[in-house]
Each structure stands twice: as C-alpha cells, then as structure tokens.
Protein chains: 2
Amino acid sequence: MTSTAASGARSGTKGVARAEREQQILEVAGRVFGDRGFAATSVADVAREAGISKPLIYNYFGSKEGLYAHCLREASGLLIAEIERTAALGAVGVARAVATLDGVFRVLAGRTWLWRVANDPTAPVADAPGELMGAYRRRLEELAREGVGELLALSGDDDALDLDAMTAVCGTIFGSLVTWWCDHPGIAPEEMGARCERLFGAVFGPALGR
Amino acid sequence: MTSTAASGARSGTKGVARAEREQQILEVAGRVFGDRGFAATSVADVAREAGISKPLIYNYFGSKEGLYAHCLREASGLLIAEIERTAALGAVGVARAVATLDGVFRVLAGRTWLWRVANDPTAPVADAPGELMGAYRRRLEELAREGVGELLALSGDDDALDLDAMTAVCGTIFGSLVTWWCDHPGIAPEEMGARCERLFGAVFGPALGR
DNA sequence: TCGATATGACTCTCGGGTAAGTTACTACGA
DNA sequence: TCGTAGTAACTTACCCGAGAGTCATATCGA
C-alpha cells in the first residue's frame with residue numbers, strides 16, 4: 001500500500017517529501033484520535049492507517065503526545081481563529097453565540113473529528129497538549145463570561161459564583177450543540193446554524209431576537 | 001493497617017468477613033475511580049489504597065470491569081431512585097428540573113465522586129458498565145424530552161431534530177450544573193439548589209416562576 | 001558516496017489476570 | 001483436651017499481552 005508511484009516525489013528522496021508525509025500522517029492521526037480518543041489510540045494504529053511504519057512517526061513527531069499536540073494545534077488553531085473572527089464582528093449576547101456557533105459549524109464541516117480531538121477527555125493534561133487544550137477553552141470562557149454577566153446583571157444577580165456556574169453551563173451548551181451536530185453527519189452547517197437560532201429563540205422568546 | 005482486632009469476626013474466618021470487606025473495597029474503589037477515572041486507575045492502585053492485595057479484589061469482583069460495575073450500580077441506583085422520586089412529585093418544566101437538581105445535590109452530598117463514576121467518559125462501553133451507564137442516562141433523557149417538547153411546542157416548533165438537539169442540550173445543562181457543584185466542595189446542597197433556581201429564573205424571566 | 005526517507009525487529013514497562021500456597025479459625029471425633 | 005480436617009480469608013510470585021519507544025539497517029535520488 002506504499003504506492004511508490006504516487007506524487008512527483010521531491011528532490012533527493014526515495015519516497016514522499018517530509019512535509020508532504022507529515023501532512024498526510026497528521027490528517028490520518030486527527031481522524032483516528034478523533035474517532036477513538038487519545039487513550040484508546042495506539043501509534044501503531046495510526047501508522048497502519050497511514051500506510052507507513054511506526055518509527056517514521058517517531059522520527060517526525062517524537063512521541064505519541066507530540067503527534068497529538070500537532071493535531072490539537074491544528075484543531076484549536078482553527079477554532080480559536082474562527083471564534084476571534086466572530087468576536088471581532090461585535091455582536092453581543094445571544095446573537096454572538098449564534099454567530100459563533102455558525103462559524104464553528106462552517107469551519108468544522110467535513111472534518112468534524114477536529115472537534116473531538118480538541119475536546120478529548122482522555123487527552124494528557126500535562127505538557128503541550130494540556131496547554132493547547134486550555135487556550136481555546138479559556139478564550140471561549142472569556143467570551144461566554146461577558147455575555148453571561150450581562151444577562152445576570154439584567155435580573156439583578158451579581159453573585160460571583162452564580163456568574164461562574166452560569167459561564168460553565170453556557171460553555172457546555174455551546175459544546176453540546178457542536179457535539180450533537182458532529183453526531184448527526186447528514187446536517188449541513190447552514191441548516192445547523194438555523195437550528196441553533198430557532199432553539200435560542202424558543203428559549204428566550206421573540207423579544208431577544210435583537 | 002489490616003486491623004485484625006476489628007469487629008467481632010464471623011465464624012470460621014481469619015480476618016474480615018467477606019461482606020464487610022467487599023463494602024470497604026467498594027468505597028475505596030468508588031473514590032479512586034471517581035478521582036482518576038476508570039482508564040487511569042489500576043486494580044493495584046485500589047488494592048493499595050484499601051490496604052489489601054490485588055487477588056482479593058479479583059476473588060470478590062472477578063475483574064476490573066466487575067469492580068467498576070459494582071461501583072456504578074451503587075451510583076446509578078442512587079441517582080435513578082432520586083430522579084424517580086422527584087418525577088413522582090408531579091412538577092413539570094423548569095420546576096421539575098430544579099427539584100431534580102436539588103434532589104441530586106442532596107443525594108450526592110459528601111460522596112460527589114459517585115457523580116464522576118456515573119459520568120466517567122473513560123468507562124468501558126460494553127458489558128455491564130455500559131448498560132448500567134445507559135440506564136439512568138436514558139431515564140434522565142426521557143424526562144428532559146418531555147419538558148423540552150412542551151417548551152418547543154409553545155413556540156410552534158415541532159421539528160423532530162430540534163427536539164432531539166434541545167434534549168441533548170438540556171441533559172448537558174443538568175450535568176454541567178452538577179459537575180460544577182462537585183468541583184466546588186464548599187457549597188452546601190441547599191445553597192446550590194437555590195443557586196439553580198436563581199439561574200433558571202434569570203434565563204426564563206420571572207414569568208416562568210411556576 | 002552522502003543524506004534523506006523508510007522499515008523490521010527489537011527492548012522495556014505497565015497492568016490485567018492467575019496459580020499455588022499460607023494463615024487462622026471452627027467443628028468434631030477419640 | 002488434643003489432634004486433625006475443613007474452609008474462608010488472604011498473599012506472594014508469577015504469566016502474558018499490549019503498546020510506547022529505539023536501533024541497526026535498507027533503499028534510492030543526486
């Protein structure tokens with residue numbers, strides 16, 4: 001399956017150029033990590049699915065964690081970029097939430113495993129993976145906290161722990177909508193965006209349509 | 001630490017009676033599984049913390065999964081019982097959600113690791129654990145689906161997938177409130193119950209106070 | 001020949017699971 | 001009252017497979 005005849009091999013090498021091979025490995029790894037989770041995936045699995053040998057992965061990525069960190073960097077990078085892009089648009093409250101969701105759906109379209117990679121509960125908490133993981137979580141939380149603060153202030157609630165809890169809840173609402181979408185592969189990003197808008201509308205009533 | 005002098009040892013035995021020992025092991029196991037998760041916990045860990053040897057665990061529980069299943073049975077049993085108790089009270093909508101949360105906080109007070117055991121994402125999906133895990137989830141979902149259907153119908157939404165997604169979201173809202181509480185050990189169940197009521201109120205407005 | 005790509009065949013550790021024995025106590029017959 | 005047999009509780013020392021990580025080597029273009 002090594003298909004030696006593939007691609008116009010770059011200079012001075014036998015097979016595929018390093019950069020190209022790395023990209024290929026990363027795509028496979030992302031898919032496998034996303035499907036089975038970090039803990040349940042072995043490096044040999046990834047190698048087999050990529051049609052190469054295990055040592056090559058260690059050559060290029062150093063360790064299982066290193067490989068995962070690269071996948072995670074791609075996933076969290078895409079997500080953060082999209083979140084920032086939407087945030088810069090200046091919408092607030094529910095409108096921003098919907099817009100952010102919409103953007104995330106578009107970014108993840110066709111590669112939903114990236115979401116699972118970025119939210120893998122079996123991922124190592126230490127070192128590079130842990131830090132990367134924390135980064136976009138924190139950014140999401142910041143934005144959520146803002147919107148939630150507004151909402152609670154409206155009802156005269158200024159309890160710090162209330163804000164904290166509500167922020168956590170909003171984060172998981174966001175997450176569960178994306179996860180639900182990832183679990184329903186037939187649904188287009190636009191369709192899911194519309195669905196979110198509808199659901200928020202149903203909860204907050206037509207008044208908050210903004 | 002085996003405290004040979006403990007309890008009026010039952011007939012014909014050297015140390016602790018089986019039932020008593022099983023109980024002791026289960027408590028330690030629940031705590032350890034809850035803290036570190038199924039995957040990251042080794043049977044030897046549990047044995048060490050319980051002050052006994054590994055084979056004794058295999059004697060009594062058959063396998064690591066068997067041990068976990070016993071812990072899970074306790075956890076899910078308590079949770080289901082509480083959920084059913086509250087459901088039988090007949091409240092609906094937000095009122096029921098708040099009442100259920102309140103009950104769960106009371107049940108989990110002082111043993112919050114049971115929640116983590118019942119929601120361990122690293123638990124095996126097959127066999128006994130998987131089935132037990134599914135049971136109370138399904139029950140929770142049924143109840144949520146009911147309330148959500150009501151809410152969506154109010155706003156003229158009868159899309160089946162909308163209902164599905166919204167139910168999933170409500171389930172994670174419930175979960176994230178409990179998890180948040182578990183992560184804030186200083187907070188009393190009653191206090192947390194009040195907090196939930198406050199937060200639901202802030203979202204749905206005073207109108208839905210019922 | 002050099003350097004980059006690539007691999008087969010290892011080593012080593014961890015952890016689930018087991019075989020075989022040891023200890024301490026009771027029951028009971030002589 | 002003293003063996004001795006029975007049995008439940010409990011442990012030490014092991015097996016074995018999975019999987020992370022490594023090393024010596026092979027292949028091939030320039």
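Order of the sequence lines sets the chain letters (A, B, ...), proteins ahead of strands, with each chain counted from 1.
R36(B) places its CZ atom 14 Å from the C1' atom of dG15(C), with the value rounded to the nearest Å. Atom CG of D45(A) is separated from atom P of dA20(D) by 8 Å (rounded to the nearest Å). With rounding to whole Å, I25(B) atom CD1 is found 11 Å from dA9(D) atom P. Rounding to whole angstrom units, OH of residue Y60(B) and C1' of dT11(D) are separated by 12 Å. One can place CD of Q24(B) at 13 Å from P of dA9(D), the figure rounded to the nearest angstrom. Rounded to whole angstrom, the span from the CD atom of E22(A) across to the P atom of dA6(C) amounts to 11 Å. Atoms CZ (F38(A)) and P (dA20(D)) sit 8 Å apart, rounded to a whole Å. Distance R18(A) CZ to dT7(C) P: 14 Å, rounded to the nearest Å.
Every residue meeting the side chain to side chain contact (heavy atoms under 4.5 Å, CB included) condition with R106(A), not counting sequence neighbours, appears here in chain and number order: D102(A), P189(A), E190(A). Take F105(B) and apply the ring pair (Phe, Tyr, Trp, His ring centres under 6.0 Å) test, not counting sequence neighbours, and it matches W181(B).
Screening T122(A), D45(A), D120(A) for a side chain to side chain donor-acceptor pair (under 3.5 Å) with R36(A), the sole residue that qualifies is D45(A). Partner M192(B) forms a side chain to side chain contact (heavy atoms under 4.5 Å, CB included) with one of V178(B), L108(B), I187(B) and no other, that one being I187(B).
Taking the screw axis at each terminus of the helix from dT1(C)-dA30(D) to dA30(C)-dT1(D) from five consecutive base pairs, the angle between the two is 30° to within rounding of 10 degrees.
Of the possible donor and acceptor atoms, none in the side chain of D127(A) sits under 3.5 Å from a partner among the backbone N and O of P129(A). Proximity of a side-chain donor or acceptor of Y68(A) to a complementary backbone N or O of V117(A) within less than 3.5 Å is detected.
At the phosphate of dC10(D), OP1 or OP2 sits under 4.0 Å from a side-chain N or O atom of R21(B).
A side chain to side chain donor-acceptor pair (under 3.5 Å) check over residues 51-66 of chain B, counting only residues at least two apart or in different chains, returns nothing.
Across all strands shown, S53(A) has heavy atoms under 4.0 Å from base atoms, whether or not it also approaches the sugar-phosphate.
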Distance-only donor-acceptor hits, side chain of residues 73-83 of chain A, under 3.5 Å, sequence neighbours excluded:
{"residue": "S76(A)", "atom": "OG", "partner": "L72(A)", "partner atom": "O", "Å": "2.9"}
{"residue": "E82(A)", "atom": "OE1", "partner": "R85(A)", "partner atom": "NE", "Å": "3.2"}
{"residue": "E82(A)", "atom": "OE2", "partner": "R85(A)", "partner atom": "NH2", "Å": "3.0"}
{"residue": "E82(A)", "atom": "OE2", "partner": "T86(A)", "partner atom": "OG1", "Å": "3.1"}

Could you go over nucleotides 17-20 of chain C and give all protein N or O partners under 3.5 Å, atom names and distances?
{"residue": "dG17(C)", "atom": "OP2", "partner": "Y58(B)", "partner atom": "OH", "Å": "3.2"}
{"residue": "dG17(C)", "atom": "OP2", "partner": "K64(B)", "partner atom": "N", "Å": "3.0"}
{"residue": "dG17(C)", "atom": "N7", "partner": "K54(B)", "partner atom": "NZ", "Å": "2.9"}
{"residue": "dG17(C)", "atom": "O6", "partner": "K54(B)", "partner atom": "NZ", "Å": "2.6"}

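Counting heavy atoms from C-beta outward, E197(A) and L101(A) have side chains that stay 4.5 Å or more apart.
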